[in-house]
2 protein chains.
Amino acid sequence: MVTMNDVAKRAGVSIATVSFVLSGAKPISAATRERVETAMRELGYRRNPVGAALARGRTNIIALLYPALQRPATGSVMGFFTSAAARAQELGRNLVLWPISNDAGEAAALANTGLVDGVLLMEVQLEDARVEALRPGTTPFALIGRTRDTAGLTFVDVDFEASMSEAVAALDGLGHRRIAFVTGNWGDLHLEDHGAAERSRACFRTEMARRGVRKPLIVPCAENSLDGRRLGRTLITEHPELTALVVMNEHAAPGIVMGLRDAGRRVPDDVSIISIGSSANMAGMADPPLSFMRTPGEELGRLGVDAIIERIENAGAEPPAVLLACEMQPGATLVRVRPGD
Amino acid sequence: MVTMNDVAKRAGVSIATVSFVLSGAKPISAATRERVETAMRELGYRRNPVGAALARGRTNIIALLYPALQRPATGSVMGFFTSAAARAQELGRNLVLWPISNDAGEAAALANTGLVDGVLLMEVQLEDARVEALRPGTTPFALIGRTRDTAGLTFVDVDFEASMSEAVAALDGLGHRRIAFVTGNWGDLHLEDHGAAERSRACFRTEMARRGVRKPLIVPCAENSLDGRRLGRTLITEHPELTALVVMNEHAAPGIVMGLRDAGRRVPDDVSIISIGSSANMAGMADPPLSFMRTPGEELGRLGVDAIIERIENAGAEPPAVLLACEMQPGATLVRVRPGD
DNA sequence: TTGAAAGCGATACCAA
DNA sequence: TTGGTATCGCTTTCAA
C-alpha cells in the first residue's frame, strides 16, 4: 500500500505538505502542489480512510441502520436506500446499509465507536429502545419514522394522518360509508409499537367517527399475496355490507383483489379499493390496477440524508423534522358506490 | 470516549494487558483479567474499531457492492442481503451493503483503501470492468454471478443452465413444444452483457433444438407488471400457436398472465407458464399462482459470505466456486397440453 | 504473566 | 509557504 510517506519522499516534501495538498486546509504554492500531485499519480496513491478517520475523528460514512435480521426487508427499503445513497454521494459522503439487530445496544455501539459520522434509523417504533440508547451519545442520528414523543429528535416520516384523511375523503366523496381498513402485520412487532400502524389506525377511526361510524372495521394481514387472498375472501364473506377497503399493505393488496373475486365480488363495481403507501409496480400487480397513494420513499431518502448531514455539521441548530404525505395516483379501483348499497 | 488507557489506569495494568484480555491473544491470570473486566464494565468501555483496524490492518467489514445508482434494486437483493448479513454476523464479521457506480475505478478504490477486508460483487456482467480492476489488487473479492471466463475467480451463482433445462423438460413432459421464453430487460445494460440472460437464452435454444425446434421465440420485457401485461397481450396475439411460456422475469410474470387473459386466453388451460428465478411472494401475485422455480437467494447469500471469508483467511487456497439451481415449486400454471394443440 | 514501546496512516498545531 | 512532530486508539513484538 502506498502511504503519504511514500508520496512525500518522492515529491521531496514533508508529509504535512502532502496532507495539506490533499485537504486544501493550507495554501500551497503551485509548484509544490504540482510536484506532490505528480508523485501521487505516479505512485497511484489513495488516502487511507482508516488512518484519516483515526486522526480526524470522522469517516465520511453514514450508516443506514436496518433491522434486517428481525424483519427481512421488502423492496421499498431499496428505493429508499437507492435515493439516499445517491444524495449522499452528491454531498461527498458514503451511505451504507448496515444490518443490525433491534437490540438497542448494537446501534449505540456502532454509533459510538467512531466508525460512522452519523446514523439513520429505519423501522422506528413508537417506543424505541435504540433511540433511547443513542440519545446520550454524541453521534448524530436521525429517524426514518417517528417515536411517540419526538421532542428534540431529527426525523423524516410519511404523514400517515394526511394520507389516510385524503383516502377516506376520496371514498367518502364517492358515497362510501361502509369501509374497512386492512393494515399490515409488522412481523413479530406488536402492532401497537409500530408508528405507521398506530397513527393510521387512529386517524382512520377519527375520520370514520366524523362521518358517523363509531367502530369501523380494522383488520391486520400478513404482508404477502397469499395471505391477502385469504383475507379478501373471508373479509367480504363475513362483512358483505362493505363497499370499500382502505389497504395499507402493498404486498397483500393484489391478493385481496383476487380474494374478493374468489368470493364473487367484482372490483371496483362491488368493492372499491385504495392502497395507501404503495409503489406503482405493486399497485400494477393487481387486476385491475389499484388506485393508490404513492409512498414518497425516494423523497424521504434524500431528505433523510440532508437531515442527518445537517445534524452532523450543525449540531447546535434546531433538529429538522419533515413529514411528507403519500400522493394520490390514478388507478382503476375507485368508483362511486352503487345506489342502493 | 473511554479508551484502553482509561481502562488500564483504572485496573492498574498496562494497555497491553487490556488488549490481551480483549483479544485473548495471550494468557492472562484470572485475577488480572477480573480486574480489567471490572474496569471495562464500570467505565462502559468499547473497543474503538478504527484504532484496531489501523493497527491490525483489518476492519472486519465486508462490503456487498451493489450498483444501486445505475440499477435501482429489487426485492430479491434484499433477501440476499439479509441472509448474507446474518451469516456474516454468525462469523463475527460485519456485512454492509455499499452502493457504488458501475465505474470500475470506484470498486477498486474502495477495496484498496483498507476500509474493508473483502468485497462481494453483485450484478456481475459477462465482461466486467470491475473484476479486471480488482484483480491486480490485494483485497480479496468474490462474485455473486459470473464473468464469461471464471478462471481464478471466486464466485457463487445461480445455475441457470440446470434451471432452464429442468423447466423445459417439465413443459416437454406435458406435451408442450410451442414454447416462448420471456427474459428480463436488465436496465441500460446490453442484454448480451448480462450473464443470467445470455446463459439462459443459450440454454433455452439448446434445449429446444434438441427437441427439434430451431428458432424458438425469445422476447425481452421490462421488469414490471404493466409492461408484462402489455407483452402478454401482444405476444399471444402475434403468436397464437404458443402453448407455453418460460418466464425469467418475476416482476413481469403476474402482468403477463393478465395480458394473456386480456387477449382471451386462459391460464393454464390455454397457456402454461413456468416462472424461473422467482420468489414465492411474486409467484403468488398472479392469478392463478404461478408454478415457479425459486431463486436460491438466501442460500447464495450464505455461501457468498462463506466464500469471501475463506478467501480472506486462506488466500492461497483454491478459490471456491459454487453453482446452485433454482428449485421447482408447485403452482397452478402447469398443465398437459390440450390434444389438438 | 505482564509491560514498554514501536508502529499503523493521516491530521493539524506550532515553529520556522 | 513548508516542516517537525505529537496525537488519534489499538496491536504486537520483545524483554523482563
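Throughout, a chain's letter reflects where its sequence line sits, starting with A, and its residues are numbered from 1. Atom set for the values below is all heavy atoms of this structure, side chains included, hydrogens, waters and symmetry mates excluded.
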Closest approach to the side chain of B:A52, judged atom by atom: which nucleotide of D:dC10, D:dT2, C:dT2 is it?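 Looking only at side-chain atoms, B:A52 lies closest to D:dC10.
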Consider the side chain of B:T17, meaning its heavy atoms from C-beta on, and name the nucleotide among C:dG9, D:dC10, C:dT2 that approaches it most closely.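 So the nucleotide nearest the side chain must be C:dT2.
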Under 4.0 Å, counting only non-hydrogen atoms across every strand here, what does B:L22 touch: a base, just sugar-phosphate, or nothing?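 The residue B:L22 makes no contact with any strand.
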Hey, does A:V13 reach any base, or is it just sugar-phosphate, or nothing, if we go heavy atoms under 4.0 Å?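 Answer is sugar-phosphate: A:V13 comes under 4.0 Å of backbone atoms only.
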Short side-chain N/O contact from [X] to OP1 or OP2 of [N], under 4.0 Å:
X     : N     : answer
B:R33 : C:dT1 : no
A:T32 : D:dT2 : yes
B:R56 : D:dG9 : no
B:S14 : C:dT2 : no
B:S29 : C:dT1 : no

Could you give all pairs that pass the side-chain hydrogen bond (donor to acceptor under 3.5 Å, both in side chains) test and reach residues 10-21 of chain B, with sequence neighbours left out?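 Matches after skipping sequence neighbours: B:R10-B:E42, B:S14-B:T17.
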Under the side-chain hydrogen bond (donor to acceptor under 3.5 Å, both in side chains) test against B:R311, which residue among B:T154, B:D306, B:T139 passes?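 Single pass found, and it is B:T154.
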Calculate, to the nearest 0.5 Å, the distance between atoms OG1 and CD belonging to A:T147 and A:Q125 respectively.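 Reported to 0.5 Å precision, the distance equals 11.0 Å.
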Atom pair CG (B:L121) and OH (B:Y66), whose distance is rounded to the nearest 0.5 Å: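 Taking CG in B:L121 and OH in B:Y66, the distance rounds to 12.0 Å.
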